[in-house]
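Scroll down for the structure; my scribbles are underneath it.
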Amino acid sequence: MLRLYDSVAGEVRELEMRDPGRFTMYVCGPTVSGSPHLGHGRFSLVWDVVRRWLSFNGIDVNYVSNITDIDDRIIARARDESRSETDVADQYEAEWVDAMAALGVAAPTSDPHATAFVDEMVALIEELISRDVAYETSDGVYFDVSTVPDYGVLAGQDVDSLRAGARVETVDEKRSPLDFALWKKVKEGEPSWHAPFGAGRPGWHTECVVMSEALLGDGFDLHAGGLDLKFPHHENERAQAVVLNKRFARRWGHNGWVMVGNEKMGKSLNNFTTLSELLASTDQRAYRLLVLRSHYRSPIEVSKVTLSDAERALERLDTFARRFELAPRAGQVIERHRDSDFAGVGEQLLHNVSTRLDDDLDTPGALSLLFDALSSANSAADSGEDASARELATAVAALFGALGLSLDGSSDQEVSAHTQSLVTERDAARAQRNWAEADRLRDELVGEGWIVEDSTGGTVIRR
RNA sequence: GGCGGCGUGGCCGAGCGGUUAGGCAGGGGCCUGCAAAGCCCCGUACUCCGGUUCGAAUCCGGACGCCGCCUCCA
């Protein structure tokens with residue numbers, strides 16, 4: 001079973017399942033107030049890999065990831081652009097869905113929208129008020145963090161030190177600067193929902209508690225997201241649940257940032273590359289490979305250099321797939337372990353890779369094994385050991401598939417009659433050892449954009 | 001101010017006390033008519049200074065540099 005670093009325990013722990021064989025995970029999704037960027041891509045890819053790995057191992061994964069479709073920034077943009085909040089949210093949700101599909105991120109089992117759960121949020125807030133852990137002010141309802149004994153576990157600090165560093169002035173009626181909004185009362189021109197404590201909209205932290213509990217039930221197995229959500233978002237979610245004696249999430253996982261020139265990429269720094277920009281200019285698999293190449297908790301540097309680096313590695317993988325005609329195995333959505341993919345030396349590879357991945361998702365370690373195996377398979381094939389070469393190659397492809405990376409072994413291209421005749425002529429020239437003519441024909445093919453390679457079967461071309 | 005993280009060879013990036021990470025780029029070689037692909041070999045690496053140890057990139061202490069969280073952010 002997969003072991004992952006748990007942010008509350010502060011150590012790597014084996015995941016546990018509330019219901020054996022069925023894994024429940026909640027990943028905080030995007031606020032659809034703008035175009036998704038590389039940071040969104042990273043968290044999606046990381047947790048997609050976790051999901052795929054569990055699934056590959058025969059576990060049914062219930063993967064919930066929300067869409068926050070009401071929020072201050074959505075309202076601000078709607079106002080700036082003189083359109084409705086719904087319009088803004090719909091546009092960026094559509095962009096989100098497209099980007100996820102392009103990245104090969106499997107669609108969530110459920111994708112709850114915050115606006116569809118407002119009634120449940122209101123009910124939760126009422127309960128928190130009745131328990132006297134939340135209080136109303138003139139502009140909203142706030143959660144009193146002093147009522148949660150271990151508030152700060154995720155931040156790794158106690159309440160006093162958090163309070164000391166708080167950069168928010170206590171100019172309102174909040175009891176503590178750390179208290180956070182459960183409900184924001186409506187202001188002029190804002191969308192709102194009715195509530196006993198005044199019309200308004202839910203706070204972000206309340207949304208995820210309600211949606212995760214509603215769809216996965218209490219004590220679900222893993223709550224994950226980007227490191228920047230650890231505090232205060234996840235801390236605050238947890239506070240609301242814990243104060244009501246709920247177990248909430250059994251494990252908490254956080255992935256590292258995307259860095260841009262030594263700075264964290266983020267909305268506040270306005271230094272982000274959108275996913276559509278990325279996907280328009282690179283192989284769609286390049287970012288996934290980049291993400292897999294570093295540990296999920298480490299920061300990653302995404303640049304033109306690291307991306308093109310990944311693209312070259314993909315070319316090598318595709319060449320490999322072509323050599324072993326692995327195309328039929330490519331591009332499957334959620335792979336399940338199949339014994340037929342892992343025979344002989346391939347089974348050994350599966351074992352070794354599993355050991356790495358189960359150890360806090362050591363994808364860099366797994367990749368190094370896969371690349372080693374790739375070389376070994378090529379080597380075996382070079383020396384005519386076809387059986388073991390094929391065992392390895394099949395396993396390599398299946399394991400890349402398990403990580404969501406499909407190898408493109410396709411070679412069928414549209415070849416015009418003219419191009420085909422050049423190929424035929426070249427083979428004839430080569431048969432006559434007329435190298436000058438063969439080279440001239442090769443140059444002509446290359447001039448048309450083909451990559452030309454000689455094989456035992458003659459000239460092979462591809463784009 | 002509080003808390004946390006990082007500093008590895010040209011670049012990216014693993015490493016959690018002793019043995020090859022891996023990728024990309026570069027050099028040499030094998031194979032090939034020449035290429036391409038593939039395979040093999042190679043590189044000045046662990047910020048610095050102390051310490052622990054038979055042995056440290058890896059543990060401890062210190063210095064320097066960098067980043068993040070404590071506010072919306074994946």
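Numbered from 1 within each chain, the chains take letters A, B, ... in sequence-line order. Computed from a prediction, not measured in an experiment: that's the story for all the values here.
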| said: Using a 4.0 Å heavy-atom cut-off to protein, can you give one letter per nucleotide of nucleotides 9-19 of chain B, 5' to 3': B if the base is in contact, S if only the sugar-phosphate is, - if neither? | reply: --SSSS-----

| request: Can you check each nucleotide of nucleotides 27-32 of chain B against protein heavy atoms at under 4.0 Å and return B for base, S for sugar-phosphate only, - for none, in 5' to 3' order? | output: ------

Restricting to side chain to side chain donor-acceptor pair (under 3.5 Å), what partner residues turn up for [X], sequence neighbours left out?
| X | result |
| --- | --- |
| T115(A) | D69(A) |
| R316(A) | S375(A) |
| R201(A) | D72(A), E190(A) |

Could you pull out all residues at least two apart from [X] that satisfy side-chain contact (heavy atoms from CB on, under 4.5 Å)?
| X | answer |
| --- | --- |
| S146(A) | D144(A) |
| T363(A) | V49(A), L292(A), L357(A), L361(A) |
| V12(A) | R3(A), Y5(A), R297(A), D360(A) |
| V446(A) | R442(A), V452(A) |

| By salt bridge (Lys or Arg N to Asp or Glu O under 4.0 Å), which residues pair with R238(A), not counting sequence neighbours? | D150(A)

| task | Using the test salt bridge (Lys or Arg N to Asp or Glu O under 4.0 Å), find all partners of R390(A) that sit at least two apart in sequence or belong to another chain. | result | none

| task | Dot-bracket for RNA chain B, please, read 5' to 3', with Watson-Crick or G-U wobble pairs under 3.5 Å on both distances, ( ) within the strand, [ ] crossing, | other strand, . unpaired. | result | ((((((((.[[[..)..(...]]].(((((.......)))))....[[[[[..)....]]]]])))))))....

